[in-house]
Every structure is written in C-alpha cells, then in structure tokens.
Amino acid sequence: MKIIVNGAPLETDASDLAALLLELGKGDAKVATSLNEVFVPKTIRADQALSDGDRVEIVAPRQGG
Amino acid sequence: MPVFYGEHIESRLMLGTAQYPSPAILAEAFRQSGAGIATVSVRREAGQDTAGQDFWALVRELDVVLLPNTAHCHSVREAVTTAQMARELFDTNWIKLEVIGHADTLQPDPFGLVEAAAQLVEDGFDVFPYCTEDLVLCERLVEVGCRVLMPWGAPIGTGLGLNNPYGLRSLRAHFPEIPLVVDAGLGLPSQAAHAMELGYDAVLLNTAVAKAGDPVAMAKGFARAVEAGALAAEADPMDPRDMAAPSTPVFGKAFL
C-alpha cells in the first residue's frame, strides 16, 4: 500500500504504526508519531492499523527557540 | 528567582537552542550563562537522519529544564498535536504554546492561542503561551488556566527590544501574581535588563545569543543583565522627574 510519511510517498507492507517504524529503522529511536494529524502514543502504535493513503508524521527532538 | 507551575528555577534567563554555530558553542553558552531553561522543538525525522537523536544526547547533558515549543504552528489542531508529541518525547507537561497568526511578523493568533491553551490545559499541560502584551488576551489566557504569560518584546528574531514598555508595565501591574516572561524580540542585554526593571520574572531569547559574533560572551552578558535588572526592580527605583535636582548639597558651598 502507499502511504505518506513526513510528506513523502512511501510504499510499505507494514500493517501498523509500530511495524512501520521498525521498517524505517526507527524502532528504538526517540521519536513521536501522529496518524492523519492525530497524535498516536508510543504505547498504542502496534494497535494502530495503517490504510492506503494514511498520512504519518514521525518527529524527533530538535533545536528550538 | 522565578517559579513556574510550582517548579523553582535558578535563573531568570531562558535560552533557545537553535541557530548556534556548533553544538559545542551551544553547550558552552548554557554553561557560562547559567540559563535555567532551554527551549526545544520537535521536527520530522525519518530515513537515515539521526540529527534528532544526536540533539537529544546533547540537551540531556545541559542540566537544564526543557521547555518544548509548538513553533511555526498556525492552527489549533497543529499546535495541540505538536504539543502532545512533544510531551511524549520530552517527558514533560510544559509546553511553550505558539499559534502563529501572521507570516511576516510571526505575531501570535490570539483567538487560536486561547482555544489551543484551553484544550491543552484540559489535557493536563502546563501552558506557557507566547502572546502579545494585549491585556484582554492575557486575561482570557489566565481564565482558561495559563499560570505563566509570555508576551513578546518585539517580533521573533528582530532584536528590536521592548516595543511597548507601557503595555508590558500594564501587564505587570494587572497580573501581580502571574509569572511574566518577555519572550522574543530581544537583541541586547540592556533590553533584558529593562524587562527585569519592569518587574518581569524572566526573559526568553535565542537569536540574540546564537547569532552574536561570540555567542558565549553574549550569553554571559544577558545573564548579568537580567541579574542587574532584577536587583534594580527589587531595590525600589527612584521616580523620574522633569526638573533637575542637585545631588551635591547646596548648603555649605563656599561663597566665592
């Protein structure tokens, strides 16, 4: 299926958000996620099924003012 | 020293972490200034990019309290979702809430700001709203549960200082019990001292230090300025007057 990750299209077989992070090499990384503009806590990523066209955001700590 | 949401902070200087020439200079600026709070953000990270992980390792070494922001969010939904992601990432209920209403001035959207603040307070956040010095806006923010107010001195990154000292002074008089922070627009330590002389609890700045030729020296300058300004505010300054008044006694002057 094709989804959008951080604004870029991605072809993936990951069935849920936790699997997607593993696929992207971010399984253990300090990141936070949202699905279709709604925050998804780390604890329920594995319960969050992905569907074609979903929009995923993966963010990490960064410099800020 | 300021107390924000029950937490005592050992410095009146709050520093941003962006735009420094290097991570080492950032760390040294914090060390030399003794800044008590560092603002941070959340940004996209995917693929092989590990900048966020590296930055996380750096800020953990700073030994400061972290205040994540919702910088560049233009809608309530964006700001709320960003705040929720930041809470999980940084393990804090503190959020510097930015809801930007104007692209050129980066002026806060007062309507969206109140709406987002209300939602976040309801969700258990301790909200630090980046606002203007508008008295009515600040009343609304306090009504929805904000226990800190952070009015701008001038638009972000301008270095113009305190554009409206009257408005900032009014805010101080109107909210004697609410911690007030001048956030944004400061360019020089003298402007930070002025904010403290108005009775503010702290200042938050980033560009003035990070973009100085010597960020470490400038951070130290700001640290000394906020200390000087706070001492002056506590010392009950004299009232200004229009007419001159001699300081040296007139009585006893030799008749020549």
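In what follows, every chain begins at residue 1, and chains take the letters A, B, ... in the order their sequences are listed. Just so it is clear, the values below take in all heavy atoms, side chains as well, and ignore hydrogens, waters and symmetry mates.
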Should we say atom CD of Glu11(A) is surrounded by more than 12 heavy atoms from elsewhere, each under 6.0 Å from it?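 Result for CD/Glu11(A): enclosed.
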
Within 6.0 angstrom of Tyr5(B) OH, more than 12 heavy atoms from elsewhere: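 Yes, OH of Tyr5(B) has more than 12 neighbouring heavy atoms, counting only those of other groups under 6.0 Å.
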
Mind ranking [options] by heavy-atom pairs under 4.5 Å with chain A and telling me who comes out on top?
{"options": "Arg77(B), Arg87(B), Lys96(B), Arg43(B)", "value": "Arg43(B)"}
{"options": "Phe55(B), Tyr20(B), Tyr130(B)", "value": "Phe55(B)"}
{"options": "Leu204(B), Leu26(B), Asp49(B)", "value": "Asp49(B)"}
{"options": "Ile156(B), Thr39(B), Asn206(B)", "value": "Thr39(B)"}
{"options": "Leu66(B), Leu58(B), Thr81(B)", "value": "Thr81(B)"}

Residues of residues 58-65 of chain A with any heavy atom under 4.5 Å of a heavy atom in chain B: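 Hits under 4.5 Å: Ile58(A), Val59(A), Ala60(A), Pro61(A), Arg62(A), Gln63(A), Gly64(A), Gly65(A).
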
Which residues in residues 18-38 of chain A have a heavy atom less than 4.5 Å from any heavy atom of chain B?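 Within residues 18-38 of chain A, the residues that come under 4.5 Å of chain B (heavy atoms only) are Leu24(A), Lys26(A), Ala29(A), Lys30(A), Val31(A), Ala32(A), Thr33(A), Ser34(A), Glu37(A), Val38(A).
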
Can you tell which part of Ala51(B) gets under 4.5 Å to a heavy atom of chain A, answering side chain, backbone, both or neither?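 Answer is both: backbone and side chain atoms of Ala51(B) are under 4.5 Å from chain A.
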
Engaged part of Asp183(B) at the chain A interface, taking heavy atoms whose separation is under 4.5 Å: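 Neither; nothing under 4.5 Å.
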
Could you check whether Lys42(A) pairs with Glu88(B) (Lys NZ or Arg NE/NH1/NH2 to Asp/Glu carboxylate O, under 4.0 Å)?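 Salt bridge between Lys42(A) and Glu88(B), a charged N being under 4.0 Å from a carboxylate O: no.
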
